[in-house]
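Report on the structure given below.
Quick note: numbers below take in every heavy atom, side chains included, and nothing from hydrogens, waters or symmetry partners. All of these numbers come straight from a predicted model, not from anything done at the bench.
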Amino acid sequence: MTKQLEAELRAFVARSLAFTDDPESIDVTRSLVDQGVLDSTSVLELIFHIEDRYGVTVADEDVTPERLGSVAAIADFIASRRGPLAKAS
């Protein structure tokens, strides 16, 4: 499921935050800030998407590079909050 989450999140990030139709342009392990995709405004859009699409609450203390810094980190964060079945790749 984590790989599926990564693919879904990568597509969202590409379309909604990077304004491109090419999800492959987003490196899933590289910092979204370093890729020029995530800033203080777009992080709010990302949080709303996570909460709305995946039903996962993102608390203030969750807004860290370790949890939301890359597509892979976001997928792991969502999987950890959704339970053991969501963690299977």
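For Asp22, the CG atom sits in a packed shell: over 12 heavy atoms of surrounding residues, nucleotides or ligands are nearer than 6.0 Å.
Residues Asp39 and Val33 form no side-chain contact, since every pair of their non-hydrogen atoms from C-beta on lies 4.5 Å or further apart. Proximity of Val58 to Leu68: side-chain heavy atoms (C-beta onward) are separated by under 4.5 Å at one or more points. Contact annotation: the side chain of Leu5 approaches that of Tyr54 to within less than 4.5 Å [non-hydrogen atoms, C-beta and beyond]. Contact check for Thr20 versus Ser25: side-chain heavy atoms found under the 4.5 Å cut-off.
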**OP:** Check step by step if side-chain contact (heavy atoms from CB on, under 4.5 Å) holds for Leu46 and Ile74.
**Re:** CA-CA 10 Å; Leu46 175 63; Ile74 297 164; 3.6 Å; yes
Subject >> Pair Phe12-Glu45, side-chain contact (heavy atoms from CB on, under 4.5 Å): steps then yes or no >> reply: CA-CA 10 Å; Phe12 168 79; Glu45 187 172 350; 4.3 Å; yes
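In this structure a side-chain-to-backbone donor-acceptor pair under 3.5 Å is present from Arg30 to Asp34.
Shown here for Val56 and Arg82, the closest heavy-atom pair between the two residues is CG2-CG, 3.8 Å. Summarising the geometry of Ala73 relative to Pro65, their closest heavy-atom pair is CB-O, 4.4 Å, with the distance given to 0.1 Å. Nearest heavy-atom pair across Pro23 and Asp21 is CD-O, 3.2 Å. Nearest heavy atom pair, residue Glu6 against residue Val28, reads OE1-CG2, 4.0 Å. In terms of heavy atoms, Leu38 sits closest to Ser42 at CA-OG, 3.2 Å.
Atoms CD1 and CG, on Ile26 and Leu9 in that order, are 11.5 Å from each other to the nearest 0.5 Å. One distance of note links CD of Glu8 with NZ of Lys3; it measures 14.0 Å at 0.5 Å rounding. How far CD1 of Ile50 is from CZ of Arg81: 10.5 Å, rounded to the nearest 0.5 Å.
One finds no salt bridge joining Asp76 and Arg67 here, because no Lys/Arg side-chain nitrogen approaches an Asp/Glu carboxylate oxygen to under 4.0 Å.
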